[in-house]
Structures are given as structure tokens and as C-alpha cells.
Visitor: 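Following this message is one structure expressed as C-alpha cells.
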Amino acid sequence: MAETFIRFSYLLAAVLFIFSLKWMSAPSTARRGVVAGEIGMLVAIVGTLVHHDVVNYQLIFIAFFVGSAIGVPLAYLMPMTAVPQRTALSHAFGGLAVALIGTAKFYQHAPQGFTLAAIVFETLLGFLTFTGSLMAFGKLQEILPTRPIVYRNQNVVNLSILGAAVVLGVWLIADPQQTWIFPIFSGLALLFGVLLIIPIGGADMPTVIALLNSYAGLAASAMGFAIDNKLLIIAGALDGSSGFILSVIMCRAMNRSFTNVLFGAFGQLQVSEGKVEQKPVRSATPEEAASILESARSVIVVPGYGLAVAQAQHKLRELFDALTRRGVDVKFAIHPVAGRMPGHMNVLLAEADIPYDRLFEMDEINGDFAQADVALVIGANDVTNPAARHDKSSPIYGMPILNTDHARTVMVIKRSMNPGFAGIENELYYMDKTLMLFGDAKSFITALLKEIGMTANALPK
Ligand code: NAP
């Protein structure tokens, strides 16, 4: 009876995980996806707890409370803009859990053959994910220097350490009596995680986190083989492949190759300068900007990281409503790496209930800018920089961008002329058709609303 219950709960959990991923891939079904994933996890835990192998419920409940005491405040205290580092911490914990289970299995059960091979693989990935993710967290939280830490022959040193760990792992599988190998092997895996991440700059961290997610998934899958748990094999494989696909998507959106992210010390470009002709920019007041928006027929809003920092999404929703009521066609252009994590803008706009059918991916909307009266850029910078198209010396050369500069008028809300994430000037700001709207996104949009409200009062309802 218990066996049937376990099987059924694992099957149900696996199905829920698969649907969860499917639903999370579109904004309109994302919430359902999250709930399905949560229920799936609950079903999986309940199924595991009735397992006859579970001998010590007390320890499990202590672990449950310790985990919740860390996880719940993390979820509530860390702001939305800190989600990349929060995710890195989760992967660190996931990697550590997998590696510790592998270690316990090794010492308790003296495994051999295939099981030992799975444990070696699991422990290697688990430990390197643990330290690698902690380093990624430190860099993103700016506890550690965000710039790449590089030294001569770094890649050779790193690969030698990984090579040594692999050789020791294979040796252990071939001769399981040599238990002294295990701690050295684990130490090398921990060290490799640190060394793998320190040469990578802060700018590439989100991509690396997606990759670490993939490692954690693979480690969990290997653990599934080691402890003969089919659900773990499935969930780990889903996690591993989705993390990998995500990092590939992010690399493409930034026009980078994997090897370049891992071995190219990209973050150095944060100090490099783009070549921009220094000339004055044109700026406008909320009043002027409001009158341009009101007389436009079509407006494309380009949200970016600054919108998230200012938490201006609800004000933006009000602006959307005000303009739509006046007959202006308002659309939102979403760049795949706008903000600081994949889907950042979708989540932000969804929070303010901006209709999903007004959100357009870069490829869908790029052709529309040429017909748009106004491109309203709010806290976005790099994803609109035309230098990416033609300036071969620019660090973002080749990155696909939103064709904001094709619109008839461009208006940019940001606080200063400071650069964005890539640390370079944006030539968009110096174009004749561009108006800079200096100010915090939330305050500026509030001022715009006030202006539009004033004139809207005169309109027949
Ligand atoms: P961005 O290039 O980083 O620019 C954000 C702009 O927002 C800044 O120039 C800043 O200018 C402005 N800003 C900050 N706070 C603001 C506030 N309170 N009110 C108004 N404006 C504010 O952002 P992006 O265009 O979204 O581009 C994302 C960058 O992150 C890209 O370089 C991308 O490659 C990188 N990245 C993204 C991901 C991802 O998954 N999304 C992953 C890795 C890397 P002021 O300081 O003048 O206000």
C-alpha cells in the first residue's frame, strides 16, 4: 500500500514539475506554473516521508525548521533586484545538500561500481556548485570584488585541478578500498568551484548562475541514481537541462559564446570606454514630455533595470491606462537581458497587471519602432545602445538591441548620464531626436501623470 502511494506521488510530482516548466515559459500561465511546481514539491516530500527507509523523523523535522528559518526570511527580505544573488544562494544550498548526501552514502554504505560512480559524479558537481555559487553570490552582493580576478595560466591551473579531481574520482571507483582519496577529491572539487568563478566578472554572473543551476540539477540527478530515487533523476534532469537552455539563451541574447563567458574574463569591459562624440544632450520637462506623449498615436515603452530599481511599475501601469484612455496605442518592448535576470521585465510588468498581450519580445517588435511616434525608454540603457550594431570596438558589439533609435522621437527617463551595466556611454542619448527626461523613474512618471491628469480633466469622460 505504502509502495503504491509512493509510486503514485512520485509520478504525480514528476508530471507537475513538467507542467510547471511548460507553464512558466509564458507570462500568462507563469503563476499557474509556480503553483504547480510548489504542489509537485509538496507531493514529492510527502511521498518521500512515508518511505519505509525513513527512520528518523525527528532529524527531518529539525532540518525542516532550520531550512525554513533561513529560506523564509531570504524570500521576504531580499528585494526583487537581488533575485540573482538569492538564486545563487539557493543553488549553493542545493549543491551542498547533494554533496553531503553523497558523502554520507559513501561512508555509510561503502558503495561500489555504478552506485559509487554516481556518488563520485554527484559529489564533484555538488561541492563545486556549492563554492561556485557562494562566490557568485559574493560577487553579485558586492561582498567580493565584482571585477574578474585573473592571473597568468589561470585556465591551465583550473583545468589541472579539475583533471586531478577526475583522476582521483576514477581511481576511487576502480579501487573503493582507497577511502583516503575521498576527502582529497572533495577538497579539490570545493577548490575548483572557487577558482572557476573568480575570473568571471559581475556582468556575466547571471549567465554563470544559470549554468550552476544546471550543475546542481545534474548532481541531483546523479544522486537519484545513487540512492535509487526515480523522481530525483527526473527532477534533476529537468533542472539540469532547463538551466543549461537558459544559459544558452542568455549567451545568445548578449552575443557571447559559452567559452567566452567561462574563460574570457568579460567583466573587465566594465571599465572600458565606448567612443561617443561628446556633445550636449537635449532634455525636457515632465510638461513637455507629457504633451508629446498625449499627441502621439503609438508609443513603445522600453523598460530596463532602472524601472525595477525605482519600483515604478505601478506608476507605469497608471501611465499606460491614462494614455490608452486617450486613444494612444501603447506597447512594451521586452529585451531578453533587460534588467538583471531572465524574465525580469516580464515579472515586473506582470506585478503591475499590465496586460500580457501588450508585451512583445524583441524580435516581434523591432520592426514596429520605425512606425512608432515615441519610444519611451525607462531605466534601460545597454539594451538600446546603437553602438552594438556598428561599433566593432564596443564591448557590446554584436549584442542584439531594441531598435529604439528608429522611432520618430526617443524619450529616456534616467537620473543622470551615468552608464548602465556594461559601463559604456550610449550614443542614443546624443541623437537629435532624443530627449532626456532626467529623474528617478517613479518620480518622473508621477509628474507625467500629473500633467496628463490635468489635461485629461478637460476631456469628456
Ligand atoms: P542597464 O544598461 O544596466 O541600465 C540601467 C539604467 O537604469 C542605468 O543607466 C541607470 O541610469 C538607470 N537607473 C537606475 N536607477 C534608476 C532609477 N531609480 N530611475 C531611473 N533610472 C534609473 O539596464 P538594461 O538596459 O536593462 O540592460 C541590462 C544589462 O544587464 C545589459 O548590459 C545586460 O547584458 C546585463 N545583464 C542582464 C542579464 C539579465 O538576465 N537580464 C544578465 C546578465 C547581464 P542612471 O544611473 O543615470 O539613473
Side-chain angles (χ1 to χ4, degrees), residues 79-85 87-88 136 139-140 146 200-211 213 243 246-256 260-261 266-267 269-270 272 274 281 283 286 301-313 315-316 332-349 361-362 375-388 394-402 404 411-429 436-448:
M80 189 61 186
T81 44
V83 165
Q85 49 267 52
T87 312
K139 284 201 173 212
L140 284 169
T146 52
I200 301 172
D204 273 337
M205 249 349 117
T207 317
V208 171
I209 287 171
L211 203 60
N213 178 5
L246 184 56
S247 47
V248 170
I249 292 174
M250 289 167 78
C251 279
R252 277 210 197 121
M254 294 189 282
N255 196 34
R256 311 278 315 288
N260 191 240
V261 169
F266 173 67
L269 66 79
Q270 285 177 6
S272 65
V281 292
S283 63
V301 177
V302 177
Y305 177 64
L307 181 76
V309 175
Q311 285 293 298
Q313 64 275 27
K315 285 286 156 204
L316 180 58
F332 295 83
I334 311 291
H335 190 283
V337 293
R340 288 294 179 269
M341 59 186 171
H344 199 169
M345 294 301 117
N346 299 75
V347 174
L348 203 65
L349 299 181
E361 301 289 329
M362 177 168 64
L376 178 62
V377 181
I378 308 180
N381 190 340
D382 297 339
V383 299
T384 64
N385 194 342
S394 171
I396 59 165
Y397 177 69
M399 169 171 144
I401 55 155
L402 288 165
T404 322
M411 297 203 284
V412 183
I413 304 182
K414 73 199 289 292
R415 296 163 306 177
S416 64
M417 290 302 287
N418 284 347
F421 204 81
I424 48 167
E425 290 234 46
N426 191 341
E427 37 183 84
L428 180 75
Y429 305 157
M436 299 303 290
L437 311 179
F438 288 117
D440 168 74
K442 196 169 178 179
S443 329
F444 206 101
I445 299 174
T446 310
L448 280 177

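Values reported hereafter were calculated over all heavy atoms of this structure, with side chains retained and with hydrogens, waters and symmetry mates removed. For ligands, and for the atoms within them, numbers begin at 1 and follow the listed sequence.
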Visitor: So, the side chain of Thr404 versus the backbone of Leu402: is there a donor-acceptor pair under 3.5 Å, distance only?
Guide: yes

Visitor: Would you check whether His344 reaches within less than 4.0 Å of ligand 1, judged by its heavy atoms?
Guide: no

Visitor: What I want to know is whether Ala338 and ligand 1 share at least one N or O pair that is separated by under 3.5 angstrom.
Guide: yes

Visitor: If every non-hydrogen atom of Tyr429 is compared with every non-hydrogen atom of Val281, which pair is closest and at what distance?
Guide: O-CG1, 3.3 Å

Visitor: Return the closest protein heavy atom for atom 46 (O) of ligand 1 as residue, atom name and distance.
Guide: Arg415 NH2, 2.9 Å

Visitor: Answer whether the closest heavy-atom distance between the side chains of Pro84 and Met205 falls below 4.5 Å.
Guide: no

Visitor: Below 4.0 Å, non-hydrogen atoms only: which portion of Arg340 touches ligand 1? Side chain, backbone, both or neither.
Guide: both

Visitor: Is the side chain of Ser247 donor-acceptor paired with the backbone N or O of Gly243 at a distance under 3.5 Å, no angle test?
Guide: yes

Visitor: Report the nearest protein non-hydrogen atom to atom 20 (C) of ligand 1: residue, atom name, distance rounded to 0.1 Å.
Guide: Ala441 N, 3.4 Å

Visitor: Would you mind running through ligand 1 and noting each atom that sits below 4.0 Å from a heavy atom of Met250?
Guide: 40 (O), 42 (C)

Visitor: For Met345, does its backbone N or O pair with a side-chain atom of His335 as donor and acceptor, under 3.5 Å?
Guide: no

Visitor: Between Lys442 (side chain only) and Gln313 (backbone N and O only), is there a donor and an acceptor less than 3.5 Å apart?
Guide: no

Visitor: May I ask you to identify the nearest protein heavy atom to atom 35 (C) of ligand 1, giving residue, atom name and distance to one decimal place in Å?
Guide: Phe421 CD2, 3.9 Å

Visitor: For Ile401 versus Pro386, what's the shortest heavy-atom pair and its separation?
Guide: CD1-CA, 3.7 Å

Visitor: Using a 3.5 Å distance criterion without hydrogens, assess whether the side chain of Asp440 forms a donor-acceptor pair with backbone atoms of Ser443.
Guide: yes

Visitor: Can you tell me which residue and heavy atom of the protein come closest to atom 44 (C) of ligand 1, and the distance to 0.1 Å?
Guide: Ala203 O, 3.4 Å

Visitor: Could you find the nearest protein heavy atom to atom 13 (N) of ligand 1 and give me its residue, atom name and distance?
Guide: Gly306 CA, 3.4 Å

Visitor: Starting from atom 39 (C) of ligand 1, what is the nearest protein heavy atom, named by residue and atom, and what distance separates them?
Guide: Met341 N, 3.3 Å

Visitor: Can you tell if the side chain of Ile413 reaches within under 4.5 Å of the side chain of Phe438, non-hydrogen atoms only?
Guide: no

Visitor: Considering only protein heavy atoms, which is closest to atom 21 (N) of ligand 1, and at what distance to one decimal place?
Guide: Lys414 CA, 3.6 Å

Visitor: Hey, which atoms in ligand 1 end up nearer than 4.0 Å to a heavy atom of Gly304?
Guide: 26 (O)

Visitor: For atom 38 (C) of ligand 1, which of Asn381, Val377, Val337, Thr384 has the closest heavy atom?
Guide: Val337

Visitor: Considering only protein heavy atoms, which is closest to atom 32 (O) of ligand 1, and at what distance to one decimal place?
Guide: Asp382 OD2, 2.6 Å

Visitor: Minimum distance, heavy atoms only, to atom 6 (C) of ligand 1: which one of Pro419, Gly420, Gly379 is it?
Guide: Gly379

Visitor: Taking the side chain as every heavy atom from C-beta outward, state whether His344 and Val337 have any pair of such atoms under 4.5 Å apart.
Guide: no

Visitor: Polar-atom distance check: Val309 versus ligand 1, any N or O pair below 3.5 Å?
Guide: no

Visitor: Does at least one non-hydrogen atom of Thr207 fall below 4.0 angstrom from an atom of ligand 1?
Guide: no

Visitor: Under 3.5 Å between some N or O of ligand 1 and some N or O of Tyr429?
Guide: no

Visitor: Could you list which atoms of ligand 1 come closer than 4.0 Å to a heavy atom of Asp440?
Guide: 17 (C), 18 (N), 19 (N)

Visitor: Can you list the atoms of ligand 1 that are under 4.0 Å from a heavy atom of Ala380?
Guide: 25 (O)

Visitor: With a 4.5 Å heavy-atom cut-off, do Asn213 and Thr87 have their side chains touching?
Guide: no

Visitor: Taking C-beta and beyond as the side chain, do Asn426 and Asp382 meet within less than 4.5 Å on heavy atoms?
Guide: no

